[in-house]
J.: 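Once you've had a glance at the structure underneath, I'll fire off some questions.
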Amino acid sequence: MHGRDHPDVSTSHTRRIAEFVARLTYDDIPPQVRARIKLLILDAIGCGIYGACQPWCTILQDTLGALDETRTTTVWGTPLRLSSPHATLVNGTQVQGFELDDVHRQGVLHVGAVTLPALIAVSEGHARLSGSDFLTAAVAGYEIGPRVGMCMGQEHIGQGWHSGATVGVFAAAAGAARGLGLDAVQTMHALGIAGTQSAGLMAAQYGSMVKRMHAGRSSQSGLYGALLAQNGFTGIIDVFEAPYGGFCTTFSRSTDLFDLAELSAGLGERFETMRIALKFYSCVASNHTSLDAIRAIQERRPFGLQELAKIVIRGSQVTVDHVGWRYRPEGLTSAQLNLPYCVATLLLEGDVFVDQFKPEAFYDPARMELSKRVEVAHDPAITALGSKFRHKVSVEVHLQDGSIEQETREQPRGGEDAFASEAEIIDKFTKLSRATIPEAQQADLIEMILNMESLPDMRALTQALRARSS
């Protein structure tokens, strides 16, 4: 190993993370976590296949494909291959391409979109991994990313950073490092190389395509970190603890608005993988509890639009800042991230899935007018509960006759305490991938992923992820 070794600091959280990642084995992972990670992988890959045909993803595919002639790594759901860093960037963007992928709510992180593209690139072109090797590496990434998010807290996104991008580099680096079989010292360097590439601005939510790219860029940065560390390149070995220029102090602009203990708390004993939630609406996770609450009210007290006076949604400050702004028709991103717009969509169409986000809907006068009857207000009591409850809402439906229907939700459908069934996740995967790959190929992917531990070589999966040329 070239370069200086890490100092012998027993309290180093970076070292604890690195040692966990480097030493994790398949046998260390409890059976319920093994089962859960496979469902999470299936969900993320379905999202990535659906995203392949979205315009922001095809622009990336075309642009990056023209930059060099390396063709080693599959772009999911397409017949294309790119270099491994470019494919990682595109695949991460595809997973995040339509606001359908997983979320660790307390860590404020879409975990699969940052972990899997880098790791699948490793398995296709940089290391021969069995299915159990791959699952182990995936768990390493899924465990580390959320812990960094929990360390930073919900203030991180409140300050304007897109946490999925800034935090995501560590999930990607951890998964890729484990996939490459790096030792603890190399893994520390991989984390330190990835950490200095952290970036992502929340202003991207207001109508730009670039918000979709944040996850892909994070995954690419983690891949770079692991590959460079494997060859002796050194990074910031105290990337989390450094008092000047470290990740935590710099991104929080403080010495105390973060909790370093969260980085390694319960590693190997409490699995954050079990607290990752899935989405069944194709919009930002902060909107889901409100949509579920309104559906529950509609079930017990059906109401027509002519009966509706207004809807008041009370939530955390993060919810207000993130999704509670006055809707402006600036494209798909702003529609999917805006709570009043999504509520109006539910009321008009009965669902908020992929078919509800056609381009003409963004400027629909009826939807825009109805969104004005949705108020999003701050509830300090919910904010005080902390990041674990940042999606809790209290929804009031005010009717013209003066009556008020109220519903509170802490977690949405697919949440960690109300996780979806295997059948529901397979159904979502099938709906998302059916336009891109044939039924037999869908069945092969489902079989491979749900029985991944029996795969001798993960390159079989990447072959199944490739669409046939038209």
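Note: hydrogens, waters and symmetry copies are ignored here, and every other heavy atom, side chains too, is used.
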J.: Show me, pair by pair, the donor-acceptor contacts under 3.5 angstrom made by side chains of residues 42-59, not counting sequence neighbours?
T.:
residue : atom : partner : partner atom : Å
D43     : OD1  : K428    : NZ           : 3.0
W56     : NE1  : G97     : O            : 3.0
T58     : OG1  : P55     : O            : 3.0

J.: How about R147 and S264: do any of their side-chain heavy atoms sit closer than 4.5 Å?
T.: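 Sidechains of S264 and R147: no contact.
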J.: Under 30°, 30 to 60°, or over 60°: which ring-plane class applies to H156 and F247, parallel, tilted or perpendicular?
T.: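 Taking F247 first and then H156, their aromatic rings sit tilted (interplane angle of 30° to 60°).
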J.: Please check if the distance between the ring centroids of F258 and F240 is under 6.0 Å.
T.: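 No, too far apart.
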J.: Minimum heavy-atom separation for T319 to S286, with atom names?
T.: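 So the minimum-distance heavy-atom pair works out to CG2-O, 4.4 Å.
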J.: Going by atom types only, do R367 and T345 share a side-chain donor-acceptor pair under 3.5 Å?
T.: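 Distance-only check passes for R367 and T345.
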J.: Side chains of I449 and L39, heavy atoms from C-beta outward: is any pair under 4.5 Å?
T.: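 No. Closest side-chain heavy atoms not under 4.5 Å.
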J.: Is it the case that the side chain of S208 and the backbone of A204 share a donor-acceptor pair, with hydrogens and angles ignored and the cut-off at 3.5 Å?
T.: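 Yes, because the side chain of S208 sits within donor-acceptor range (under 3.5 Å) of the backbone of A204.
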J.: For Q154 and S387, does a side-chain donor sit closer than 3.5 Å to a side-chain acceptor?
T.: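 No, no side-chain donor-acceptor contact under 3.5 Å.
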J.: Looking only at heavy atoms, which two atoms of G350 and R295 are closest? And how far apart?
T.: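 Minimum heavy-atom separation between G350 and R295: O-NH1, 4.2 Å.
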J.: Minimum heavy-atom separation for L461 and M448, please, with both atom names.
T.: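 Minimum heavy-atom separation between L461 and M448: CA-SD, 3.8 Å.
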J.: Give every donor-acceptor pair under 3.5 Å between a side-chain atom in residues 297-305 and any protein atom, sequence neighbours left out.
T.:
residue : atom : partner : partner atom : Å
R300    : NE   : E405    : OE1          : 3.3
R300    : NH1  : E407    : OE1          : 2.5
R300    : NH2  : Q406    : O            : 2.6
R301    : NH1  : E307    : OE1          : 3.4
R301    : NH2  : E307    : OE1          : 3.0

J.: Which one of R212, H214, K211 satisfies the side chain to side chain donor-acceptor pair (under 3.5 Å) criterion with Q96?
T.: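 So the option named by the test is K211.
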J.: Side chains of V114 and V95: does their closest heavy-atom pair fall under 4.5 Å?
T.: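 No, every pair of side-chain atoms sits at 4.5 Å or beyond.
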J.: Can you confirm whether the side chains of E124 and T74 place a donor and an acceptor under 3.5 Å from each other?
T.: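 A pair is found: one side chain offers a donor N or O, the other an acceptor, under 3.5 Å apart.
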J.: Looking at every non-hydrogen atom in both residues, tell me the closest pair between A173 and A194 and how far apart they are.
T.: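 The pair with the smallest heavy-atom distance is CB-CB, 3.7 Å.
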J.: Has the side chain of N287 got a donor or acceptor atom that lies under 3.5 Å from a matching backbone atom of C283?
T.: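 Not at all, since once roles are kept as given, no pair shorter than 3.5 Å links the two residues.
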J.: Are Q159 and S252 close enough, and set up right, to give a side chain to side chain donor-acceptor pair (under 3.5 Å), and what steps lead you there?
T.: CA-CA 8 Å; Q159 290 172 333; S252 70; 5.8 Å; no
J.: I'd like to know if the side chain of T383 pairs up with that of H378 as donor and acceptor (distance under 3.5 Å, no hydrogens or angles considered).
T.: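 Side-chain D/A pair, T383 to H378: present.
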J.: What are the two closest non-hydrogen atoms of Q336 and F357, and how far apart are they?
T.: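 That closest heavy-atom pairing would be CG-CE2, 3.6 Å.
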J.: Under 6.0 Å between ring centres: does that hold for F353 and F280?
T.: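 Ring centroids of F353 and F280 are no less than 6.0 Å from each other.
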J.: Honestly, is R413 close enough over Y281, meaning NZ or CZ under 6.0 Å from the six-membered ring centre and within 45° of the axis?
T.: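 Output yes; distance and angle both within limits.
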J.: Under a 4.5 Å cut-off applied to non-hydrogen side-chain atoms, are V318 and I157 in contact?
T.: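 V318 vs I157: side chains touch.
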J.: Test your reading of the model: is there a side-chain donor-acceptor pair from R81 to the backbone of V75, 3.5 Å cut-off?
T.: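 A pair under 3.5 Å: no.
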J.: Any donor-acceptor pair under 3.5 Å linking the side chain of S163 with the backbone of V108?
T.: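 Present.
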J.: So, Q94 and Q61: side-chain donor and acceptor under 3.5 Å apart, yes or no?
T.: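 Result is yes, a qualifying pair exists.
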J.: Will you find, in the side chains of T136 and R178, an N or O donor that is under 3.5 Å from an N or O acceptor?
T.: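 Absent: no donor and acceptor within the cut-off.
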J.: Identify each donor-acceptor pair in which a side-chain atom of residues 429-437 lies under 3.5 Å from a protein atom, sequence neighbours left out, and give them as a table.
T.:
residue : atom : partner : partner atom : Å
T430    : OG1  : I426    : O            : 2.8
S433    : OG   : F429    : O            : 2.8
S433    : OG   : Q442    : NE2          : 2.8

J.: Mark yes or no for whether W161, through its side chain, and T166, through its backbone, hold a donor-acceptor pair below 3.5 Å.
T.: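 Such a contact is absent between W161 side chain and T166 backbone.
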J.: Short question: side chain of Q441, backbone of R466 - any donor-acceptor pair under 3.5 Å?
T.: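 It does hold such a pair.
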J.: Considering all heavy atoms of both residues, which atom of V111 and which atom of G141 are nearest to each other, and what is their separation?
T.: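 The answer is CG1-O, 4.3 Å.
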J.: Without hydrogens or angle criteria, can the side chains of H322 and Q205 be said to hold a donor-acceptor pair below 3.5 Å?
T.: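 Judged by distance alone, the side chains do pair up.
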J.: Checking the side chain of T93 only, and the main-chain atoms of L89 only, is there a donor and an acceptor separated by less than 3.5 Å?
T.: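 Checked: pair present.
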J.: Ignoring hydrogens and geometry, is there a side-chain-to-backbone donor-acceptor pair from T73 to H86 under 3.5 Å?
T.: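 Checked: no pair found.
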J.: Could you go step by step and tell me if R270 and E272 meet the salt bridge (charged side-chain N to carboxylate O under 4.0 Å, His left out) rule?
T.: CA-CA 6 Å; R270 184 192 76 233; E272 292 301 321; 2.6 Å; yes
J.: Evaluate the salt bridge (charged side-chain N to carboxylate O under 4.0 Å, His left out) criterion for residues E330 and R328: first the C-alpha distance (whole Å), next the side-chain angles of each, then the deciding distance (0.1 Å), finally the verdict.
T.: CA-CA 6 Å; E330 296 179 330; R328 301 186 299 272; 3.6 Å; yes
J.: Please check if the side chain of R105 supplies one atom and the backbone of A277 the other of a donor-acceptor pair under 3.5 Å.
T.: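 Pair absent, no side-chain N/O of R105 close to backbone of A277.
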J.: Is a side-chain donor or acceptor of E410 paired with a backbone partner of H391 at a separation under 3.5 angstrom?
T.: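 Side chain of E410 to backbone of H391, a donor-acceptor pair under 3.5 Å: no, none is there.
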J.: How long is the straight-line distance from CH2 of W76 back to CG of L445, given to the nearest 0.5 Å?
T.: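 These two atoms lie 11.0 Å from each other.
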J.: Within a radius of less than 6.0 Å around CZ of R275, do more than 12 heavy atoms belonging to other residues, nucleotides or ligands occur?
T.: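 It does: R275 CZ has more than 12 such atoms within range.
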J.: Out of curiosity, M274 CE to I276 CD1, how far, rounded to the nearest 0.5 Å?
T.: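 The CE atom of M274 sits 10.0 Å away from the CD1 atom of I276.
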